[in-house]
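Chain A is the first sequence line, chain B the second, and so forth, proteins listed ahead of strands; every chain is numbered from 1.
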Amino acid sequence: MIEMIDVWKTYPNGVMALNGIDVYIDKGEFVYVVGPSGAGKSTFVKCMYREEKPTKGTIMINGTNLSKIKERQIPKLRRKIGVVFQDFKLLPKLTVYENVAFALEVIEESPKAIRQRVMEVLDLVHLKNKARFFPDELSGGEQQRVSIARSIVNTPPVVIADEPTGNLDPETAWGIMDIFQEINSRGTTVVMATHNKEIVNTFKKRVIAIEGGRIVRDEQKGDYGYED
Amino acid sequence: MIEMIDVWKTYPNGVMALNGIDVYIDKGEFVYVVGPSGAGKSTFVKCMYREEKPTKGTIMINGTNLSKIKERQIPKLRRKIGVVFQDFKLLPKLTVYENVAFALEVIEESPKAIRQRVMEVLDLVHLKNKARFFPDELSGGEQQRVSIARSIVNTPPVVIADEPTGNLDPETAWGIMDIFQEINSRGTTVVMATHNKEIVNTFKKRVIAIEGGRIVRDEQKGDYGYED
Amino acid sequence: MKIRTLKRHGAEAFKSLGRNGWMTFASISAVTVTLLLVGVFLTVLLNLNNLAHHIENDVEIRAYIDRTAKQDNVDQLRAQIEQIPKVKEVTFLTKEEGLKQLIKDLGDQGKAFSSLEKENPLRDAYIIKTKRPQDTVIVAKEVEKLNYVKNVNYGKGTVEKLFKVTKVSRNIGMVLILGLIFTAMFLIANTIKLTIISRRREIEIMKLVGATNGFIRWPFFIEGFALGVFGAVIPVLVIVFGYQFVYDSVSPKLATMFIKLIPTYPLVLELSLLLILIGGVIGVWGSLTSVRKFLKV
Amino acid sequence: MKIRTLKRHGAEAFKSLGRNGWMTFASISAVTVTLLLVGVFLTVLLNLNNLAHHIENDVEIRAYIDRTAKQDNVDQLRAQIEQIPKVKEVTFLTKEEGLKQLIKDLGDQGKAFSSLEKENPLRDAYIIKTKRPQDTVIVAKEVEKLNYVKNVNYGKGTVEKLFKVTKVSRNIGMVLILGLIFTAMFLIANTIKLTIISRRREIEIMKLVGATNGFIRWPFFIEGFALGVFGAVIPVLVIVFGYQFVYDSVSPKLATMFIKLIPTYPLVLELSLLLILIGGVIGVWGSLTSVRKFLKV
Ligand SMILES: Nc1ncnc2c1ncn2[C@@H]1O[C@H](COP(=O)(O)OP(=O)(O)OP(=O)(O)O)[C@@H](O)[C@H]1O
Ligand SMILES: Nc1ncnc2c1ncn2[C@@H]1O[C@H](COP(=O)(O)OP(=O)(O)OP(=O)(O)O)[C@@H](O)[C@H]1O
Ligand SMILES: [Mg+2]
Ligand SMILES: [Mg+2]
C-alpha cells in the first residue's frame, strides 16, 4: 500500500528532516508514528500525500511511484488519502459544513449525497449543531474535529492523521480513536502521528518511532516507549 | 490577583461560552483549567488579558477593573500577562528570535538586554539553534515552544498558557512543566488550560473544571477527573 | 465538468465575493475609479479628435476660373473636376459673392475695400471639397492642370501646417489613450492580484484536499469577471448620463463657437461596451494569472 | 519614544518590505504606473495650456490713425496709449507695410490686390499689445475714444470667441488634472490598503502581545512612505529624461509650426517633486488609515 525506499528530505533551509527512511505499510494496517518534537514525523507523513517532495528516494502509494507521477495526477492521489493536518488547514471563509463538503465537491458528488454524508460525519464528531459556524468561531478542539471529519468524509482508502488529538480532552480523544478503529476495521489504512502515550499504550497497534529523521523502532503491538 | 465576579460571555453568533463565572486566583498560585472540548476554557482565559470582553460581570486584575480600563491602558495590562496561545499566534514574517524579542521591544528594552534574554529563553525551550528560522519552517511542537518562550521572556507576574503541551511529546512537555513550576516558585502566577491528564495528576495543583461555561469543580491539589 | 459543478462554482464565486467583503469592496472600487478615469479621458480625447476632424473638413480648394471662359467651358470644367475620384463636392462661387465673403472675413479692416465692389479684382471660382481632407493638396494640383483654371488656392502652407498639427495631435492622443488603457488594465489586474495573494493559503489548502487546478480556478475566474464587470457599472452610468447631460447643457453654448460635440448615441454605447469589456476581460485575466502562481502545491 | 525605538521601527519597516516581497512588488508597481500616468498627462496638459497661452498672446489691437493727423498728433497719441496701465507695448505700422502684410496673409488670393499698392486704401496704425491678453477688449475701447484714432481693429468677435475657447479648454483641463490626481491618490491609498488588509492578523497578534497602537503604527508609517516614494522613482526618471529627450528631438520640428514646448527646467523638477509628494503623502495616509481599522483589538 505505502512503501518508502531510502527516502531523504532536506528542507531548503538546510534542515535534514528525513535521513533514509525505509518502511512498508500494508493495506488495512493501523500505524502510530511517534517520536520527540521536531523528529520528522510530520515530514514523514507529508511525503505520502505529496505536500512535500523527498529530496531522494522512492515512495510508492498503491503501486504508483510518487516521483514519476504527473502534476495532473496529484489531486487524484490526494482524494484517496484523507488527511488530518497538524494545523487543521480549514478554509477560513467556509463554514464547518462547507469545509467538510469541500472534499466531496471536488469529486463532483451530487448535492443530495453531499448533504447526507456531511451531516453524518459531523454527527460522528459531535459538531452537527455547529455546522453553520466559521472556523474562527470554534474552539481549538472543535476545529480539530472539523479537520478529522473532512479527512474521513469521502471514505478514502488511507487516512493520515497528524496529531489528531492534540487539542482534545481525553474523553473526546477516545471518541475519535473509536472512529479511527471503526474505519480501520472496515479496511481503511490509518497512519497516525501522535504524542498521546495513553492512547498508544491502550489501543495497541504497530508503532513506528522516528528520531532525528530515522526510524529507530518499528514494532507490531508496540507501546509508546520513552519511559521517563 | 485575578478575580472574576459573575462573568458571562455570549459570542456575537449566540454561543453562550461563559455562564456566570466566579473565581479568585491569588498571587503566586498555579491553576489548571480543565474541561471537555468547547467547554469555555479558552474563553475563560481570554477574558483575563482582554482578547475577549465579557458580556456581563466584573474582572479585576491586580486591583484594576478591566471593564473600566481605558483603551490606552490595555497594552500595559497585556505586558504584565504572558500568554501561550492555543493557536500559537506567531508573527509569520518574523523569525523565531524576532518573535520572542518582540515582547521585549514593545517595552523598549535595550538591544543588548534583548539579545541576551531572548537567547536565554530560547535555550530553555531548546530552540537556540532555530533562532533564525521562520515559523512556517518549524514543526508544530517547535512553534508551540516559541509561543511559550515569548510568554515568559519579559518575566511577567502572570503567565496564562492555553493548552501549552498539546503538540509536544511527553518528555518535552515535562520539560515545559519544569519551566512553569520554576517561574511559579519564583512568584509568578500560572494559569494553564490543559487536556493533559498525566501532567495534572502528576504535578498536583489547584484544578478548576469548566463545563458548559460553568465552574463545576474547584479543588486544591485536585486531579484531572473525568475517569473513563 | 458536470453542470451542477458549474453551478457550484458560480455560487462559490458569489459567496466568496460576499464573505471577503472588505477586499471585494476595495478591489471593486479600484476598478471603478480606474474605468471612470478611462471613460472620462476617452470621451474628452474622442471629442478633441472629432474637433480636429471638423477643422480639417473646413479646408477647401478654390479654383479661380479664367475670365475668358464661356458658360460652356465653365460647365465642362465642373464635369471634369467632379470626375476626379477624390472629390466629394463642387460648388460655384461668383466673384461678387467672393468679394463679399472676403470683406466679411476681414472684419473692420475689410471696410476699406468696400469701394472696390464696382471694379471687382476677383474671379468666379469653384469651391472643391475632397472626400479625405488630407487629399486637398493632390486634388489641388490636379485641378490646376485643367483648362480655364486661372489659379488654385487652398491655403498653401497653412493647410500643410494644419495637417501636420492635427497629425501630431492625433498621434499624441493615440499614445495617451493606449497608455491610459494599458495603465488601467495593469492596475485592475494588479488589484485583483493583491486580493488573491492574500488568499494564497486558501488555494494551497484546496489543493491539499484534492481539488484539481481547474476546480480551484473556476470560482476565481467567475469572481474576477464579476469584480471587473461590477467595477464597470458606475463608470458606465456616469458616462451614459453624464455625457447626455453635458451634451444637452453645453453643446448649445459651444455651437456659437462652431465646436460640435460627438452625438450621444452611439458614442456612449461604444464606450460603455469598451469599459465593460476591459473590466471583465482584465478581471478574468488578472484573477487567473495570479491564481496560477499558487497552484503549484 | 526612545531614539533606539525609532531606529527599530525603521529597520522593521524595511525588513517587512523585503519579506513581503510579492506584495511589496505589486504595490510599488501599482504606485509606479499610477504616478507615471499622472506625470505624462500632466506634462501634456501643461503644454497644451502653454500653447493656449501663446495663442492668446498673439492677439493685438490695431488703432488706425486719421489721415489728417500731423506728426505731432501721432507722437502724442502714442504717449496717450502708452499711459493706459494695461498696455504693454506699442509699435508703429505704416500703411505700406500694412498692405504688404495683408497681401502676404491672404496668400494666393492676395495677389489680386497687388495692383492696389499705388492707391493704398489703408491707414497708418499703432499695434498695441496688452499686458494680459484678456484685457484686449477693454483697452481697445479706451483707445477708440482717443483723438486722431479713426477706427480700432482687434478681431472683434474672433477674439472673444478665442478667449471663450481657451477658457473652456482651461476649465476642462483643470477638471481632468484634478480628476487624475484624485484618482491617483485613491488608487495608491487603495493599493496600500489591500496590502495591509492581508496583514490584519499580524496587527492583531502584535496588540495581543502588548504593543501600543503607536508602536504598531510607526513601521507601517515608514513602510507606506517608502512604498510611495519608491513608486515615484521610475515616473520621475521617465519624466526627467523622457521630457528632455522629447524636447530636444521634437521641439525643432514644432518650431516650424510656431508651437513652443515648455522648457525642461524647472518644469521637470516641479513635476518630480509633485510626484514624490503624492507618492509619499498618500502612501503614509493610505497606510495609517488602514492600520487604524485593525488596531481595535
Ligand atoms: N517547511 C519547512 N521548512 C524548513 N524546515 C522545516 C519545515 N518543516 C519542518 N522543518 C524542520 O524539519 C524538522 C522536522 O519537522 P517535522 O514537522 O517533521 O517534525 P515533527 O516530528 O512533526 O515534530 P512535532 O511533533 O513538533 O510536530 C524540524 O526540525 C523542523 O524545524
Ligand atoms: N470567536 C468566537 N465566536 C463565536 N463562538 C466562539 C468563539 N470562540 C469560541 N466560541 C464558542 O464558544 C465555546 C467555548 O469555546 P472555547 O474556545 O472557550 O472552548 P475551550 O474550552 O477552549 O475548548 P477546547 O478545549 O476545544 O479549546 C465553543 O462552543 C465555541 O464554539
Ligand atoms: Mg508534526
Ligand atoms: Mg481552547
| said: Please check if the number of heavy atoms outside D:L261 that lie under 6.0 Å from its CG is greater than 12. | reply: yes
| said: What part of C:L187 gets within 4.5 angstrom of chain D, counting heavy atoms only: side chain, backbone, both, or neither? | reply: side chain
| said: For D:I234, I'd like to know if atom CD1 has over 12 heavy atoms of other residues, nucleotides or ligands within 6.0 Å. | reply: no
| request: Hey, could you give me the CE/NZ distance between D:M23 and C:K193, rounded to the nearest 0.5 Å? | output: 12.0 Å
| task | Rounded to the nearest 0.5 Å, what's the gap from CZ on C:R199 to OG on D:S198? Could you check? | result | 12.5 Å
| query | Given that the side chain runs from C-beta out, which part of C:L48 has a heavy atom under 4.5 Å from chain D: side chain, backbone, both or neither? | reply | neither
| remark: To the nearest 0.5 Å, atom CH2 of D:W22 lies from atom OG of C:S290 at 7.5 Å
| field | Exercise: identify the closest heavy-atom pair between D:A30 and C:N190 | value | CB-ND2, 3.3 Å
| field | Neighbour count above 12 (heavy atom, 6.0 Å) for C:K293 NZ | value | yes
| Would you say D:Y243 has more than 12 foreign heavy atoms packed within less than 6.0 Å of its OH? | yes
| Under a 4.5 Å heavy-atom cut-off, does chain D meet the side chain of C:V44, its backbone, both or neither? | side chain
| task | Look at atom CZ of C:F186 and say whether more than 12 heavy atoms of other residues, nucleotides or ligands are closer to it than 6.0 Å. | result | yes
| query | Within a strict 4.5 Å, meaning less than it, do heavy atoms of the D:T183 and C:L36 side chains meet? | reply | no
| task | Pick one of side chain, backbone, both or neither for D:L180, based on which atoms fall under 4.5 Å of a heavy atom in chain C. | result | both
| task | Please round to the nearest 0.5 Å and tell me the distance separating atom CG of D:L37 and atom CZ of C:F41. | result | 7.0 Å
| query | How long is the span from the OG1 atom in C:T195 to the CG atom in D:L194, to the nearest 0.5 Å? | reply | 7.0 Å
| remark: Highest number of heavy-atom pairs under 4.5 Å with chain C among D:S29, D:G179, D:S169, D:S27 belongs to D:S29
| query | Counting only heavy atoms not in C:R19, do more than 12 fall under 6.0 Å of its CZ? | reply | yes
